[in-house]
Amino acid sequence: MAKLDASLLTGLAPFARLGTDQIREILDQAQPKRFDAGVAVFEEGTPAERFFLLLDGHIRVIRITPGGEQIIALHIPAGQLFGIAPALGHVAYPATAMTAVDSVVLSWPARLWHDFVSRYDGFGPETGKIVGRRVAEMQDRIVEMATQQVEQRIANAVLRLINQSGRKTDQGIEIAFPITRQDLSEMTGTTLHTVSRLLSQWERLGIVKSARKRIVVTDPHQLVVMSAGQVPP
DNA sequence: ACATTAATTATGT
DNA sequence: ACATAATTAATGT
């Protein structure tokens with residue numbers, strides 16, 4: 001089995017304080033795996049036996065409502081940990097992780113989490129920050145759902161996506177992975193039709209440019225304006 | 001202000 | 001050629 005290059009981890013926050021010898025230890029215990037686009041890395045309700053790091057690609061974290069509808073809870077860009085339910089003491093994954101594109105993933109057995117925290121300087125605090133940020137984001141979204149209207153919610157969703165996974169192009173900032181209107185509707189609690197209409201409208205206004213599964217924000221500032229919405233009576 | 005239904009068109013393998 | 005994605009209009013709550 002080919003050895004993993006230490007440089008894969010050196011840039012990442014949880015491992016920032018570690019020497020190459022420690023990185024080696026971690027990598028030697030990791031199990032690398034490649035996933036095709038659109039497959040589950042792990043599924044909701046199954047035993048949380050491992051935790052994961054996304055080396056390359058993009059992950060969607062999905063929950064299924066009692067009514068059987070999908071909700072996209074979170075997006076994970078390359079370089080981030082995910083499936084860290086074991087760290088929170090969960091015995092089962094609370095959601096499903098699906099690849100949005102072909103992806104490469106490292107994983108470790110859940111029992112190693114505590115070793116990592118005690119052995120490796122900075123790992124505990126940094127992963128704690130990650131969890132904190134994700135919880136905060138989800139709470140923000142709950143407030144949005146309750147208070148804002150669809151146009152603002154979709155604008156906020158797109159803004160988050162370009163902040164977390166934006167890629168600069170000559171046209172503007174592009175969402176760096178394939179995303180459909182259906183996906184956006186599942187993130188914002190609307191229908192794909194409403195998303196489609198709004199994107200078409202924004203395109204006429206020169207705020208975005210979109211093709212199938214691709215969205216480029218040509219005028220981020222104007223999108224921020226849309227996310228603010230109109231003065232509620 | 002938005003969902004739903006339905007019909008139509010575009011796009012990627 | 002076929003399936004999936006996107007658009008658009010009409011109608012409903």
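Just so we're on the same page: letters track the sequence lines, and every chain starts at 1.
Among the heavy atoms of the strands lying under 4.0 Å from A:Arg181 are primed sugar atoms or P, OP1, OP2 only; no base atom is included. Within the nucleic acid shown, A:Thr180 comes within 4.0 Å of sugar-phosphate atoms alone, with no base atom in reach, counting heavy atoms only.
To the nearest angstrom, P of C:dA5 lies 15 Å from CG of A:Leu199. Summarising the geometry, the separation between CZ on A:Arg204 and P on C:dT7 is reported as 10 Å, rounded to the nearest angstrom. Nucleotide B:dA1 holds its P atom 10 Å from the CD atom of A:Glu151, rounded to whole Å. Straight-line distance from the NE2 atom of A:His193 to the P atom of B:dA6: 11 Å, rounded to whole Å. When rounded to the nearest whole Å, the span between CD1 of A:Ile154 and C1' of B:dA1 equals 12 Å. Rounded to whole Å, atom P of B:dC2 lies 8 Å from atom CG of A:Leu198. If you take CD of A:Gln148 and C1' of B:dC2, they are 16 Å apart, rounded to a whole angstrom. The interatomic distance linking A:Met145 (CE) with B:dA1 (P) rounds to 19 Å, in whole Å.
A heavy-atom distance below 4.5 Å is not found between the side chains of A:Gln182 and A:Leu184. A:Met187 is listed as a side-chain neighbour of A:His75, based on a closest heavy-atom distance under 4.5 Å.
The phosphate of B:dA3 has OP1 or OP2 within less than 4.0 Å of a side-chain N or O from A:Thr194.
The existence of a salt bridge linking A:Lys213 and A:Asp183 is excluded, since no basic side-chain nitrogen approaches an acidic carboxylate oxygen closer than 4.0 Å. A salt bridge is defined here as a Lys NZ or Arg NE, NH1 or NH2 lying under 4.0 Å from an Asp or Glu carboxylate O, and A:Glu174 with A:Arg167 meets this definition.
The side chain of A:Ser200 approaches C:dT7 more closely than any other nucleotide in the set B:dC2, B:dT11, C:dT7. Of the listed nucleotides (C:dT7, B:dC2, B:dT11), B:dT11 has the atom at the smallest distance from the side chain of A:Arg212. When each of C:dT8, B:dT4, B:dA1 is scored by its nearest atom to the side-chain atoms of A:Thr191, the top-ranked nucleotide is B:dT4.
Counting atom types as modelled, A:Arg197 pairs no side-chain N or O with a base atom of C:dT7 as donor and acceptor under 3.5 Å.
Between the A:Thr218 side chain and the A:Gly206 main chain, a donor and an acceptor come within less than 3.5 Å of each other.
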